[in-house]
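For reference, the structure is listed below as structure tokens.
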There are 2 protein chains.
Amino acid sequence: MSDENLMTIRQMCDAYEVTPRTLRFYEAKELLFPIRQGTKRLYARRDRARLKLILRGKRFGFSLEEIRQLLDLYDLGDQQATQLAKTYELATQRLADMVNQREELDEAIEELKQQLEWGEKRLAELYASSAAE
Amino acid sequence: MSDENLMTIRQMCDAYEVTPRTLRFYEAKELLFPIRQGTKRLYARRDRARLKLILRGKRFGFSLEEIRQLLDLYDLGDQQATQLAKTYELATQRLADMVNQREELDEAIEELKQQLEWGEKRLAELYASSAAE
DNA sequence: CGTTTAACTTACGTTCACGTCAAGCAATGT
DNA sequence: ACATTGCTTGACGTGAACGTAAGTTAAACG
């Protein structure tokens, strides 16, 4: 029962359905910063939060580089004033992007629903005619 | 003033901000089916509609292959019954995916707003303390 | 009729996001 | 003591989505 709150790479993989390779890759790209016990990696709460955000970002179609920049937004702890201001500005921009994407997504959902109704009717017709045979 | 309603590859590129390579690539992947006037491609209304859907799908993080399957949904014209049924089922699944994505997106937007408020306060503090000097 | 111009094909190159060995260290059980 | 298990670091491979360069053809222009 090692240190609670810290997870090995395998526990992380099982918990988030990713491979070790993926976690090491994210680390190489400076998206994660697990601590080292000897040679082994240990992931703390902070890394898990970041990983969640990474996986979510991917589902929205963001690249890892875009995600890396976004991650700083959730770690505003001890930034310099100028750096904080830049981060803040980037965040408002990203927020606008997301709101746009939500609008588009709403549209897409509506259109797809329409098409589904159409298909439903067509299927009903086909079924009716085959039953009439 | 060639045949209205039909666009050359360059007009398409300018209109949708893609490269010729991209359009030919989508054609190779059977996402677009421009008609041929001799060796040249001409894009009709149908292709433009499909291209819009392709670009939108990409913004949502779908792969071209996923998009290709989805495209059939908007072209339910003359499908076989069994094929139509399969397409329909796939569509309902995708719709569910999109609805999920919207929920996640809503969450993400909320969280980011929270972070922005936080950053705003921090910035205000920093500004106040530097002004007091 | 020669020459730009635009589109074409073929094919190899590139970036991203990992997958997949290969070889080595480190603790753990028998 | 030794083998198994789990993690490690390279390093090369891969599929997706194009980019890019080379050479070809066809229409249009002077």
Side-chain angles (χ1 to χ4, degrees), chain A residues 1-3 5-44 47-48 50-71 94 97, chain B residues 1-44 47-48 50-71 94 97 101:
Chain A
M1 64 194 82
S2 53
D3 197 328
N5 197 0
L6 291 180
M7 293 174 62
T8 75
I9 200 170
R10 180 109 306 273
Q11 292 173 321
M12 289 291 282
C13 293
D14 294 347
Y16 296 95
E17 301 194 80
V18 293
T19 68
R21 178 68 174 102
T22 299
L23 293 180
R24 297 192 194 108
F25 183 74
Y26 290 167
E27 183 179 352
K29 294 287 175 165
E30 302 189 79
L31 294 163
L32 295 178
F33 307 95
I35 56 180
R36 289 303 181 92
Q37 167 190 296
T39 162
K40 313 202 162 170
R41 293 167 171 82
L42 289 179
Y43 298 84
D47 294 298
R48 294 196 292 274
R50 292 174 76 93
L51 182 54
K52 279 187 204 171
L53 291 170
I54 294 169
L55 298 177
R56 189 162 72 182
K58 290 203 62 184
R59 265 170 259 137
F60 296 157
F62 290 133
S63 74
L64 289 185
E65 177 52 26
E66 289 172 321
I67 292 171
R68 193 186 60 75
Q69 299 185 19
L70 270 173
L71 279 176
R94 285 283 175 241
D97 292 351
Chain B
M1 67 191 82
S2 55
D3 197 328
E4 57 262 302
N5 198 0
L6 291 181
M7 292 174 64
T8 75
I9 200 170
R10 179 109 308 272
Q11 292 174 321
M12 288 290 283
C13 292
D14 294 347
Y16 297 95
E17 300 194 83
V18 294
T19 69
R21 178 67 173 102
T22 299
L23 292 178
R24 297 191 194 108
F25 183 75
Y26 291 167
E27 184 180 351
K29 294 289 176 167
E30 301 188 82
L31 294 163
L32 295 178
F33 306 97
I35 55 180
R36 288 302 183 91
Q37 168 191 295
T39 161
K40 313 201 162 170
R41 294 167 171 82
L42 289 179
Y43 299 85
D47 293 297
R48 294 196 293 273
R50 292 174 75 93
L51 181 54
K52 278 187 204 170
L53 291 170
I54 293 169
L55 298 177
R56 188 162 73 184
K58 291 202 63 187
R59 266 170 258 137
F60 297 156
F62 290 133
S63 75
L64 289 186
E65 176 53 25
E66 289 172 319
I67 293 171
R68 193 187 62 74
Q69 299 184 19
L70 270 173
L71 278 176
R94 286 282 175 244
D97 292 352
Q101 192 168 347

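A, B, ... follow the sequence lines: proteins, then strands. Residue 1 opens every chain.
Distance from the side chain of B/Lys58 is smallest to D/dA17 among D/dA11, C/dC8, D/dA17. Checked against D/dA17, C/dA17, C/dC8, the side chain of B/Lys40 finds its nearest nucleotide in C/dC8. Here C/dA17 is the nucleotide among D/dC18, C/dA17, D/dT9 with the atom lying nearest to any side-chain atom of A/Leu64. Comparing C/dC18, D/dC7, C/dA7 by their closest approach to the side chain of B/Thr8 singles out C/dA7. For B/Thr22, the listed nucleotide lying nearest its side chain is D/dC18; candidates were D/dC7, D/dC18, C/dC8. The side chain of B/Phe25 has D/dC18 as its nearest neighbour among D/dC18, D/dT8, C/dT9. Considering only side-chain atoms of A/Thr19, the nucleotide from D/dT8, C/dC8, C/dG19 that sits closest is C/dG19.
Straight-line distance from the CD1 atom of A/Ile54 to the P atom of C/dC16: 16 Å, rounded to whole Å. Between the P atom of D/dA16 and the CD atom of B/Glu66 lies a distance of 12 Å, rounded to the nearest Å. Protein atom CD of B/Glu65 is 9 Å distant from nucleotide atom P of D/dA17, rounded to whole Å.
B/Arg41 comes within 4.0 angstrom of sugar-phosphate atoms only, judged by non-hydrogen atoms across all strands, and of no base. Counting any heavy atom pair closer than 4.0 Å across all strands shown, A/Arg10 reaches sugar-phosphate atoms only and no base atom.
Electrostatic pairing of B/Arg36 and B/Glu27 counts as a salt bridge here, judged by a charged N lying under 4.0 Å from a carboxylate O.
Contact annotation: B/Tyr26 reaches the phosphate of D/dC18 (side-chain N/O to OP1 or OP2, under 4.0 Å). Applying the 4.0 Å criterion to OP1 and OP2 of C/dT9, one finds that B/Arg36 has a side-chain N or O inside that range.
Counting heavy atoms from C-beta on, the side chains of A/Arg24 and A/Arg41 come closer than 4.5 Å. Between A/Tyr43 and A/Gln11, the closest side-chain pair of non-hydrogen atoms is not below 4.5 Å.
Side chain A/Arg21 to base C/dG19: a donor-acceptor pair is found below 3.5 Å.
The 5' end of DNA chain D is approached more closely, in terms of each residue's nearest nucleotide, by A/Pro20 than by the other of A/Pro20 and B/Lys29. Heavy-atom nearest nucleotides on DNA chain D were determined for B/Ser63 and for B/Thr39, and the one closer to the 5' end corresponds to B/Ser63.
Enclosure of atom CD in B/Gln37 is not indicated, since only 12 or fewer non-hydrogen atoms of other residues, nucleotides or ligands lie within 6.0 angstrom.
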